Participant: 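Take a look at this one; I'll ask things after.
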Amino acid sequence: MYTEKVIAEFTNPQNVGEIADADGVGEVGSPACGDIMRIYLKIEGDRIADVRFRTFGCGAAIASSSMATRMILGMSLAEAWAVSNADVVEALGGLPPAKVHCSVLARDAIRAAINDCRTRRGLEPWEVRSSGCSRGAGCDSHPENG
Ligand code: FES
């Protein structure tokens, strides 16, 4: 069962769309379900000045994308990198266990977009540690993951 926050976020998602001159784009697919999420970042200084998403996936994935993009707007890239899927789940008031991977997708798409920003600037991408978990790379259900 979804929380009221998840339903509200899914029925009225924020930050849907694309950024034509994005400074970073990240796309990830979930190995668990095949859904795809794409995040676009516009950076001013070191701050996320705009963020948009396209999610081809379930309601929980759209709710996670919407919440995650609202959370990282205005953050530095380092702050946005530190946002975990558990943070997104908490902000949504919880997700059913079978839908936790949807929030992992949002976290991973944001990190992919951040690393795209860094690579375009000639910087080393930050390391993404993978657990090999079927819920997706770096699932926060595993304490060894950052
Ligand atoms: Fe795959 Fe939600 S069921 S992203």
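Predicted, not measured: the structure shown is a model, and the values here were computed from it. Atoms within a ligand are numbered from 1 in the order they appear, just like the ligands themselves.
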Participant: Does the side chain of Ser66 pick up a donor-acceptor pair with the side chain of Gln14 at under 3.5 Å?
Facilitator: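 No - no donor-acceptor pair under 3.5 Å links their side chains.
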Participant: Test of understanding: with side chain to side chain contact (heavy atoms under 4.5 Å, CB included), list the residues that count as partners of Cys58, not counting sequence neighbours.
Facilitator: Asp35, Ala60, Ala61, Lys99, Cys102
Participant: Among Val25, Ile72, Thr69, exactly one meets side chain to side chain contact (heavy atoms under 4.5 Å, CB included) together with Leu41. Which residue is that?
Facilitator: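 Among Val25, Ile72, Thr69, the one meeting side chain to side chain contact (heavy atoms under 4.5 Å, CB included) with Leu41 is Ile72.
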Participant: Just to verify, what does Arg121 make a salt bridge (charged side-chain N to carboxylate O under 4.0 Å, His left out) with, not counting sequence neighbours?
Facilitator: none
Participant: Could you pull out every protein residue that has a heavy atom closer than 4.0 Å to ligand 1, ordered by chain and then number?
Facilitator: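 Close residues (ligand 1, cut-off 4.0 Å): Cys33, Asp35, Cys58, Ala61, Lys99, His101, Cys102, Leu105.
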Participant: Okay, side chain of Asp116, backbone of Gly26: is any donor-acceptor separation there less than 3.5 Å?
Facilitator: no
Participant: Going by the rule salt bridge (charged side-chain N to carboxylate O under 4.0 Å, His left out), which residues pair with Arg118 if we only count those two or more places apart in sequence or in a different chain?
Facilitator: none
